[in-house]
A.B. asks: 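First, the structure itself, so that you have it in front of you.
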Amino acid sequence: MQGFLEFAKTLGAPRIAAMLAVTVALIGFFAFLILRVMAPQMTPLFTDLSYEDSAAIVKELERQGVPYELRNDGNIIMVARDRVARLRMTLAGDGLPKGGGVGYEIFDKSDALGTTSFVQNVNNLRALEGELARTIRSLDSVVAARVHLVMPERPLFSRDRVEPSASIVLKVRGSLEAQQVRAIRHLVASAVNGLKPQRVSIVDEAGHLLADGAGNDNDPSDVGADERRAAFEKRLRDEVDAIVTSVVGPGHARTEVSADFDFNRVTQTSDKYDPEGRVVRSSQTREETSASGEGRDGQVTVGNEIPGGNARQQPAAADTAVQRDQSRKSEEIVNYEISKTTKTEVSEGGRVSRISVAVLVDGTYSKNEKGEISYQPRSKEEIDQIAALVRTAIGFDQKRGDQVQVVNLRFAETPTIPITEPTGWLSAFHFTKDDIMRAIEMAVMGLLGLVVLLMVVRPLVRRVLAPEERPLALPLSAAPAENKTTEAGGAPASKLPEVARAEPSQTAKMIDIAQVQGQVHAQSVQKVGELADKNPNEAVTIIRQWLNESAAA
């Protein structure tokens, strides 16, 4: 302990303070590294949160004592990776996040006894708007949504009724397609009683009108001709791509579809009569009978014309022969109903009049003996089979004038050979993006610690442990005052070098002090040698002076 105290005294206060500062800095630096390495990996718990949801989630996390971090002005909440699933389930049980709106949970804590019907209607409208906004936000392309509903009430004793309407503001990723906009309109219209899709207006965050809510009844589909044609072509192209890609492989086929539509609306009425289908509607029968008689002489007398005259004359002319003429007439009228069919056809606009499909198919690639990729075209039989599949997929109609063309050509870019994934025990070394980023962070921290050790700590330690430098002239000038004796050569001690003036060590004195003095003497000799090397002329002059003084003595 006494030797350590003497060693500490020889170091001095500045060196001890420097050693303490270096020690504290090292402890702090390595403590930071250890804490950083041992800190749990943070991952997003929820993203794109509103301020209300962020405040509610943070309050719940603080109540549970869960450490968290806020990113992007509170829109993202980070927690430990191993606690994400449990926290999400716990917060979902509490109804968090609410999505920045109020849903039907507004009725969970309401007092129905002291609430008027007006407040109930307003809460019902707010709940419906909130639920619709949540449903729309569940779509992949929608980031945020705001829904406004207008539900007018019909006045008493009024036959007219104002139709409800809705307006929606969307914040989307990229842009929405026409089909997606139409789907949102029908979704909202189906959820509100009496609301038509044509009465729903949609606007994006940039103020662009995606759907007009003017309520155009002339076009029930509310889809333009170009949009319908583009949607039809896209659907056919996807179907053809799915079939051809499954045969030739991904990236080895290009498909283009062109469709011609007839948007004229045609109304056609036709009457068809069936001659075989006859039904008796009415029947009328008429019969007439007439008789006439005359005498043998055939004369017309007054007696014959007078009623009863013929009877009076019969006795007189009983022997006279009588001849009579009779006629009979029959008439029948039958009315028939003939079978008739009336057919009215209304052809709406948008009929497909022609379809043209062009399919470009790449060949096959393989490696030859030299390891180079070689191209091989596909056979004609394979191209014909692909063309037959395409015709079946699009509903090919030759009478309509459809065309299908499948051509085999080499693509400009050469596809790369896919790399097979390792199997077996090598599959255990598959790392995710988070694992790779964590490994990079650990490597950077380790490299930083090594640089600090080599470039900062090591020079500071060496400098602290190095003995204190003393000026060379101090022992030479102080020697005459301490010792006036001369050496065996007769020269005074003040004129001799430090090594020549060093008295033999006394073994009876303390060993530690002698070791310290020896180190100081060795350093002094080293400094003298360095000065002689740096200033050879001055060193030669001093030696000559010493020699001259010794010769004079």
Side-chain angles (χ1 to χ4, degrees), residues 24-25 27-106 108-109 126-127 129-148 168-176 203-207 431-449 452:
V24 172
I27 293 175
F29 177 73
F30 285 105
F32 170 75
L33 288 181
I34 294 173
L35 292 177
R36 185 63 180 175
V37 171
M38 299 300 295
Q41 187 176 2
M42 307 298 284
T43 187
L45 178 63
F46 293 107
T47 59
D48 296 330
L49 294 173
S50 62
Y51 291 110
E52 294 82 2
D53 290 338
S54 297
I57 293 174
V58 167
K59 184 177 180 181
E60 183 65 22
L61 294 178
E62 291 178 351
R63 187 185 66 83
Q64 298 181 9
V66 178
Y68 63 91
E69 295 180 4
L70 296 178
R71 302 281 181 84
N72 196 16
D73 296 335
N75 292 336
I76 301 176
I77 299 179
M78 310 283 290
V79 295
R81 185 177 183 179
D82 55 348
R83 306 186 66 175
V84 171
R86 183 174 296 275
L87 287 175
R88 286 178 179 174
M89 290 187 293
T90 303
L91 294 175
D94 296 336
L96 295 175
K98 298 180 180 179
V102 180
Y104 284 115
E105 65 273 6
I106 193 175
D108 295 340
K109 299 180 181 180
R126 292 179 57 193
E129 291 176 349
E131 293 295 336
L132 288 175
R134 292 177 183 176
T135 305
I136 296 174
R137 279 196 302 271
S138 63
L139 302 177
D140 294 336
S141 301
V142 179
V143 178
R146 188 77 181 272
V147 179
H148 300 279
I168 305 173
V169 180
L170 300 178
K171 182 179 180 181
V172 299
R173 299 184 182 93
S175 60
L176 293 178
V203 182
D204 61 1
E205 71 277 9
F431 299 103
T432 61
K433 181 179 179 181
D434 296 336
D435 297 334
I436 295 175
M437 295 302 296
R438 183 69 173 176
I440 294 175
E441 182 180 359
M442 297 292 293
V444 171
M445 299 295 291
L447 182 60
L448 182 60
V452 170

A.B. asks: Does V169 have any side chain to side chain contact (heavy atoms under 4.5 Å, CB included) partners at least two apart in sequence or in another chain, and if so, which?
C.D. replies: R146

A.B. asks: Quick one, R134 with E131, criterion salt bridge (charged side-chain N to carboxylate O under 4.0 Å, His left out). Give me CA distance, side-chain angles, the key distance, then yes/no.
C.D. replies: CA-CA 5 Å; R134 292 177 183 176; E131 293 295 336; 3.6 Å; yes

A.B. asks: Could you tell me whether the side chain of L87 reaches within less than 4.5 Å of the side chain of L61, counting heavy atoms only?
C.D. replies: yes

A.B. asks: Under the side chain to side chain donor-acceptor pair (under 3.5 Å) rule, collect the residues that match up with R63, sequence neighbours excluded.
C.D. replies: E60

A.B. asks: Could you please spell out the steps behind the side chain to side chain contact (heavy atoms under 4.5 Å, CB included) verdict for I77 and L70?
C.D. replies: CA-CA 5 Å; I77 299 179; L70 296 178; 3.8 Å; yes

A.B. asks: Sequence neighbours left out, what passes side chain to side chain donor-acceptor pair (under 3.5 Å) with E205? Give chain and number order.
C.D. replies: none

A.B. asks: Listed by chain and number, what are the side chain to side chain contact (heavy atoms under 4.5 Å, CB included) partners of A85, not counting sequence neighbours?
C.D. replies: none

A.B. asks: Check T90 against Q64 and note the closest heavy-atom contact, atom names and distance.
C.D. replies: CG2-NE2, 3.5 Å

A.B. asks: Taking side chain to side chain contact (heavy atoms under 4.5 Å, CB included) as the definition, give me every residue that meets it alongside V84, ordered by chain and number, with sequence neighbours left out.
C.D. replies: T43, L45, V79, R88

A.B. asks: Considering residues at least two apart in sequence or located in another chain, which fulfil the side chain to side chain contact (heavy atoms under 4.5 Å, CB included) criterion with P44?
C.D. replies: T47, I76, M78

A.B. asks: For E129, is there an ion pair with R126 - N to carboxylate O distance below 4.0 angstrom?
C.D. replies: no

A.B. asks: Hey, is the main chain of V143 close enough, under 3.5 Å, to the side chain of R173 for a donor-acceptor pair?
C.D. replies: no

A.B. asks: Between A145 and A133, what is the shortest heavy-atom contact and its length?
C.D. replies: O-CB, 3.8 Å

A.B. asks: How far does NZ of K59 sit from CD1 of I57, to the nearest 0.5 angstrom?
C.D. replies: 13.5 Å

